[in-house]
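To keep things clear, I will list the structure first and then write my remarks on it.
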Amino acid sequence: MTYQGLIHTYGHFLDLPIHSRTVSLLEGRTPLIRADNLSRHLGGGFELFIKYEGLNPTGSFKDRGMTAAVSEALGRGATTVICASTGNTAASAAAYAARAGMKSIVLIPQGKVAAGKLAGAIAYGAQVIQIDGSFDDALTMVVEITNKHPICLVNSINPYRIEGQKTAAFEIVDELGSAPDWLCLPVGNAGNITSYWAGFKQYSGLKSALLPRMLGVQAAGAAPLVLGHAVENPETVATAIRIGKPARGEQAMQAAEESQGRIIAVSDERILEMQKLLAKLEGIWVEPASATGLAGLAAEIESGKRRPEALEGLKVEGQKVVAVCTGHGLKDSEIITRDMQKPSVVPPRLDALEEVILGN
Ligand SMILES: *Cc1c(COP(=O)(O)O)cnc(C)c1O
């Protein structure tokens, strides 16, 4: 049977109002890729899978929640959607609004959005507005304006976003036959970790599957959930998680606690290192934020080896680990090209090519 998108496939597990009118770009059904090379590099002895969410229609997992939020908005008769965004929500909202024949407005923090994401929002026809402030400022503003005017908010404060994003947990359980032992993922505004945990809990009741432990990972320069307080000026190369005051921070802490997991932070250096490692060892190129979950996994495995007697660190031997890679590398190609050596230039002659390749 042909695939008809997430609401068609999992709608009966999602709490969406009956007035919803499905708007879909056939999002979801993303590959769960075994990553044996990377698992071996991290010491081996465990099964590692990458949930490659960069293969959604607009290049990030945001499409899972957006199909639900825009379907509800359209069915209710809304004509305009708005969001604050570090980039991927903007592109996704703009695409689904376009498909629904609705107007989209996106607020982005000035100068802090990767070019590939901004280009997407513009291509899909959004009205893009830069805010001379942070993502957190932009989010406050969209909340205020939607309280005052009949414009539909599609940030992950919107409960239907969370409903839609639960489907990633359903897909993982359906594919593995049960939940993994650990799920690691980046945490920014904390909608995704909230959704996964809700999805696993709901599905485990239905399929009597066990629950995973959640490893939520923030960037060290934007780690309010690790520090225990809001961060005024969050800073990280992982722009998708450059958030100082997560809207669903409490739910993220609860997910970590209930699942006997944890929320940790890793440096930008480790994030970029993992981004390169994943591309070179597995052929999977993700944007920096999307490598954060794996960077956290690597850090935890290391600290578990260094101090095996301590209760810290992560013992993964014999376990099944799924790392969620939230967005595609093409979204932020600049992060790679800005430091690269220009490819060498060779005259169009075989001997010159041989010299470069074979070094004679
Ligand atoms: C939105 C986003 C995140 C963070 O997800 P939250 O739900 O805000 O925690 C991580 N990675 C990418 C690529 C994103 O677009």
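Read the numbers this way: they start at 1 and go in the same order the structure lists the ligands and their atoms. For this chain, numbers begin at 1 and follow the sequence in order.
- Salt-bridge check for E144 with K148: failed, with every basic side-chain N at 4.0 Å or more from each acidic carboxylate O.
- Checked for salt-bridge contact, E175 and K51 miss the test: no charged N lies under 4.0 Å from a carboxylate O.
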Contacts table for ligand 1: protein N or O within a distance under 3.5 Å of ligand N or O, distances only.
residue	atom	partner	partner atom	Å
ligand 1	7 (O)	G191	N	3.1
ligand 1	7 (O)	N192	N	2.8
ligand 1	8 (O)	N189	N	2.8
ligand 1	9 (O)	G188	N	2.8
ligand 1	9 (O)	N189	N	3.3
ligand 1	9 (O)	A190	N	2.8
ligand 1	11 (N)	T326	OG1	2.7
ligand 1	15 (O)	K62	NZ	2.6
ligand 1	15 (O)	N88	ND2	2.7

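- Note on residues 35-44: pairs passing salt bridge (charged side-chain N to carboxylate O under 4.0 Å, His left out), not counting sequence neighbours, are R34-D36.
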Next item on the list: Start with the C-alpha gap between R242 and T86, add the side-chain angles, then the distance that decides, and say whether side chain to side chain donor-acceptor pair (under 3.5 Å) holds.
Entry: CA-CA 8 Å; R242 189 172 167 277; T86 59; over 6 Å; no
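- Counted by atom type alone, N88 and E287 present one or more donor-acceptor pairs between their side chains at under 3.5 Å.
- Expressed to the nearest 0.5 Å, how far OG1 of T239 lies from CD1 of I335 amounts to 7.5 Å.
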